[in-house]
Participant: 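Just dropping this structure here.
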Amino acid sequence: MISQVEPTIARLDSHQSTWLEVGTEARIEYLKRCMNGVMAVAEQWAIAACEAKGIDPSSAGEEWLTGAVPTLMMLRAIVRTLEGRSAKIENGVAKVFPDHLLDRLLWFGFRGEVWLDVADRSPAKISPLNPPFWGNLKEEISQIQPNYEVSKSPNCGGFRGQKPLKTKRTEDWKEKPGIALVLGAGNVGSTAPLDALHKLFAENQVVLLKMNPVNEYVGKFLEQAFEPLITDGFLQIVYGGSDLGRYLCQHPKIDSIHITGSHHTYHAIAKTLPQAKPITSELGCVTPVLVVPGDWSESDLRFQARHVVSMVVHNASFNCVAAKVIVTAKGWKLRDRFLDLIRQEFAKIPNRKAYYPGAQQRYQEFLDRYPQAEIFGTRTEEIVPWTFIPNVESDYALQTEAFCGVLAEVSLDATTATEFLDRAVPFANEKIWGNLSCVILTKTGVENAIRDLNYGAIGVNVWTGVIYALPDLAWGGFPGNHESDIQSGQGFVHNAYFLDRPQKSVLSAPFRIRPTPFWFADHRNLLNFAQRAAELQITPTWKKFAQVILAAVQG
């Protein structure tokens with residue numbers, strides 16, 4: 001099998017300079033053809049994922065929303081960047097989402113920003129929780145075409161930060177060509193194509209994509225969807241285990257490596273490389289949810305309990321952004337009620353197949369350390385039941401990513417929101433492993449907390465899984481991780497604006513999101529919503545928009 005990849009690498013090697021010669025309009029055409037390709041395989045892709053994960057195909061909405069839909073969103077976002085859009089950057093903060101009328105209406109009340117790693121930043125002027133500036137909607141509506149499409153602008157390129165890219169030739173997008181090895185993740189179907197697209201279009205390297213054995217079934221759908229790029233020699237997909245991965249990492253023709261996986265995989269690769277190669281990586285996190293004390297109503301408590309539990313159970317909890325630790329204030333008068341409602345939500349949700357390798361062993365290690373663990377459901381050879389561990393005092397749950405359906409709770413000595421944040425921010429930065437994602441649930445302003453949290457993705461009243469899915473936001477661990485303590489990894493992907501030096505992505509949402517968010521476990525119309533959302537990416541018209549809204553309100 002290893003010898004069989006040599007012709008594949010040779011083909012990429014012969015096309016790496018050619019890729020740099022592909023101009024903007026030709027790149028846009030590739031992206032649009034791939035969008036049609038993704039849509040053509042979307043249904044079968046979702047069904048195959050359901051079969052592999054033990055999900056009834058009639059409940060395939062989640063797989064649409066973790067496979068085809070974010071892939072379509074990434075493709076369209078890059079098209080829009082290449083056609084001339086740019087981000088508004090003030091005081092080192094790029095305001096990237098929402099950036100057009102349909103998204104402003106579809107995501108009303110949301111605001112997404114990418115903070116750049118720059119010295120010139122005025123904290124007093126950074127306020128992600130301020131209401132978004134919606135502009136003059138009447139004027140925008142009058143300007144939008146009845147059959148809304150991304151405007152074509154042949155004289156404009158994309159943007160890397162505030163520097164326009166070239167349009168006819170792209171030699172200076174990157175000083176030299178190269179082959180990027182992308183080691184795909186095994187949990188979420190869209191990760192491999194999103195990483196590959198970033199390497200191709202943001203970093204201008206041709207890509208060798210190695211599928212993870214856990215979800216290598218996705219590869220055949222990607223081969224069909226990305227056929228134009230594969231046929232022309234700019235993207236190749238290979239299959240195999242750790243032996244092949246090790247061989248490819250050490251191959252002299254491979255110029256850079258991107259890994260989505262665990263820090264154990266990263267170290268195994270890094271220590272065996274015969275020479276230094278650029279390695280970017282996204283390596284998971286013990287994602288904390290900081291519950292800021294406040295005057296919450298009973299309906300507030302119930303909504304946020306649903307929210308937290310949905311962050312745990314999504315994709316059977318095999319997500320690097322799954323909620324793993326909720327941090328509460330001991331003095332919050334509603335703490336006990338909130339924890340009881342979390343228990344009630346866990347009890348409502350059917351257990352799911354623990355399809356990811358090693359789940360049972362990881363789960364047992366938590367049970368062995370925490371006798372107070374509360375189990376919701378029955379453990380079998382195929383099932384790891386939802387498990388809640390209150391009043392955690394030892395560091396194991398804070399330093400170990402369970403990567404299964406476990407949620408721990410730790411409380412800090414605090415009563416007010418100010419007291420809590422003063423303790424919770426350094427606690428999250430210093431005591432909890434990883435710096436990929438952090439969620440804050442709050443009714444009060446948390447601008448200083450956002451500034452001080454050392455996380456690559458921060459969700460304010462919204463799960464950070466949404467940041468992963470929105471391509472305009474950058475995705476990766478907080479910068480500065482040394483290879484000796486790699487934490488959540490180095491570098492960013494997605495980043496469809498091609499911004500230079502991202503530091504963190506911040507997505508803010510209303511405290512109560514309406515209608516039912518699509519990542520909630522009890523969404524009643526998810527498959528229909530997901531299919532309509534995919535169609536909207538292909539044909540973003542008012543009619544398709546209305547269909548998405550109708551499906552959303554039925555959730």
Side-chain angles (χ1 to χ4, degrees), residues 1 5 8 31 33-57 59-75 180-200 207-231 234-242 244-245 248 258-262 265 282 284 314-316 318-321 352-357 359 403 465 468-469 471 475 493-494 527 530-531 533-534 537:
M1 181 180 293
V5 303
T8 301
L31 291 161
R33 289 172 64 191
C34 289
M35 288 184 71
N36 291 330
V38 170
M39 195 64 191
V41 301
E43 184 173 4
Q44 291 304 312
W45 178 359
I47 291 173
C50 288
E51 292 173 349
K53 297 179 180 182
I55 302 171
D56 185 339
S59 301
E62 181 178 287
E63 292 305 321
W64 276 79
L65 290 165
T66 57
V69 173
T71 305
L72 289 167
M73 291 170 67
M74 180 71 167
L75 289 162
L181 171 64
V182 172
L183 300 175
N187 58 337
V188 176
S190 61
T191 301
L194 295 185
D195 294 347
L197 288 168
H198 176 89
K199 283 291 185 179
L200 270 166
V207 172
L208 179 62
L209 170 60
K210 178 192 169 296
M211 299 302 296
N212 190 298
V214 178
N215 65 355
E216 68 177 15
Y217 59 85
V218 176
K220 67 178 182 181
F221 302 110
L222 299 183
E223 288 176 3
Q224 296 175 61
F226 292 93
E227 182 274 332
L229 292 167
I230 293 172
T231 297
F234 305 131
L235 169 67
Q236 300 290 290
I237 301 175
V238 295
Y239 306 85
S242 58
L244 177 61
L248 294 175
H258 180 75
I259 309 164
T260 300
S262 74
T265 302
E282 189 268 86
H314 186 277
N315 194 32
F318 298 120
N319 288 326
C320 55
V321 291
R352 291 176 58 168
K353 178 182 177 180
Y355 69 87
Y356 209 89
F403 215 62
Y468 165 89
W475 183 249
V493 288
H494 304 187
L527 178 56
Q531 292 170 333
Q537 295 303 311

Participant: Trp45 and Pro193: which non-hydrogen atoms are nearest, and at how many Å?
Facilitator: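 That would be CH2-CG, 4.5 Å.
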Participant: Thr66 and Asn315: side-chain donor and acceptor closer than 3.5 Å?
Facilitator: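 Short answer, no.
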Participant: Please examine the side chains of Tyr239 and Leu244, heavy atoms only from C-beta on, and report whether any two atoms are closer than 4.5 Å.
Facilitator: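 Side-chain contact under 4.5 Å: no.
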Participant: Between CG of Asn212 and CG of Leu183, what distance do you get to the nearest 0.5 Å?
Facilitator: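 One finds 9.0 Å between CG of Asn212 and CG of Leu183.
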Participant: Would a distance-only check, ignoring hydrogens and angles, find a side-chain to backbone donor-acceptor pair under 3.5 Å from His494 to Leu194?
Facilitator: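 Pair absent, no side-chain N/O of His494 close to backbone of Leu194.
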Participant: With side chain to side chain contact (heavy atoms under 4.5 Å, CB included) as the test, pick out the partner of Leu208 among Val5, Thr8, Ile237.
Facilitator: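 In the set Val5, Thr8, Ile237, the residue that makes a side chain to side chain contact (heavy atoms under 4.5 Å, CB included) with Leu208 is Thr8.
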Participant: For Glu282, which of Ile259, Asp195, Thr260 qualifies under side chain to side chain contact (heavy atoms under 4.5 Å, CB included)?
Facilitator: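 The passing option is Thr260.
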Participant: Roughly how far apart are Leu72 CG and Asn36 CG, rounded to 0.5 Å?
Facilitator: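 That separation rounds to 9.0 Å.
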Participant: Rounded to the nearest 0.5 Å, how far apart are CD1 of Ile230 and CD of Gln224?
Facilitator: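 If I round to the nearest 0.5 Å, the distance is 9.5 Å.
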Participant: Classify the ring geometry between Phe403 and Tyr356 as parallel (under 30°), tilted (30 to 60°) or perpendicular (over 60°).
Facilitator: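 Taking Tyr356 first and then Phe403, their aromatic rings stand perpendicular (interplane angle over 60°).
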Participant: Only one of Val182, Val218, Val238 passes side chain to side chain contact (heavy atoms under 4.5 Å, CB included) with Met211; say which it is.
Facilitator: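 Result for side chain to side chain contact (heavy atoms under 4.5 Å, CB included) with Met211: Val218.
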Participant: Check Cys50 against Glu63 and note the closest heavy-atom contact, atom names and distance.
Facilitator: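 For Cys50 versus Glu63, the nearest heavy atoms are SG-CG, 4.0 Å.
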Participant: Would you call Glu62 and Lys53 a salt bridge, taking side-chain N to carboxylate O under 4.0 Å as the test?
Facilitator: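 Lys53 and Glu62: not salt-bridged.
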Participant: Could you check whether any side-chain N or O of Asn215 sits under 3.5 Å from a backbone N or O of Ala49, counting only pairs where one atom can act as donor and the other as acceptor?
Facilitator: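 Here the side-chain-to-backbone pair does not exist.
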Participant: Rounded to the nearest 0.5 Å, how far does CG of Leu181 lie from NZ of Lys210?
Facilitator: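 Atom-to-atom, Lys210:NZ and Leu181:CG are 8.5 Å apart.
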Participant: Can you establish whether the number of heavy atoms outside Lys220 located under 6.0 Å from its atom NZ is more than 12?
Facilitator: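 Open.
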Participant: Looking at every heavy atom in both Lys199 and His258, which two are closest together, and how far apart are they?
Facilitator: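 Nearest pair, atom of Lys199 first, then His258: CE-CB, 3.8 Å.
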Participant: Just how far is it from atom OG of Ser190 to atom CG of Leu65, taken to the nearest 0.5 Å?
Facilitator: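 Reported to 0.5 Å precision, the distance equals 10.0 Å.
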Participant: Rounded to the nearest 0.5 Å, how far apart are CH2 of Trp64 and CD1 of Ile47?
Facilitator: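 Trp64 CH2 to Ile47 CD1: 9.0 Å, rounded to 0.5 Å.
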Participant: Would you name the heavy atoms of Phe226 and Cys34 that are closest together and state the gap between them?
Facilitator: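 Answer, listing the atom of Phe226 first, then Cys34: CD2-SG, 3.6 Å.
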Participant: Does any part of the side chain of Val188, heavy atoms only, come nearer than 4.5 Å to the side chain of Phe318, both counted from C-beta?
Facilitator: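 In short, these two side chains do not touch, never coming nearer than 4.5 Å.
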Participant: Using atom types as modelled and distance alone, determine if a side-chain donor or acceptor of Gln236 lies under 3.5 Å from a backbone N or O of Leu209.
Facilitator: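 Judged by distance alone, no pair lies under 3.5 Å.
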Participant: Has Asn319 got a side-chain atom pairing as donor or acceptor with Gly465's backbone, closer than 3.5 angstrom?
Facilitator: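 No; zero donor-acceptor contacts below 3.5 Å.
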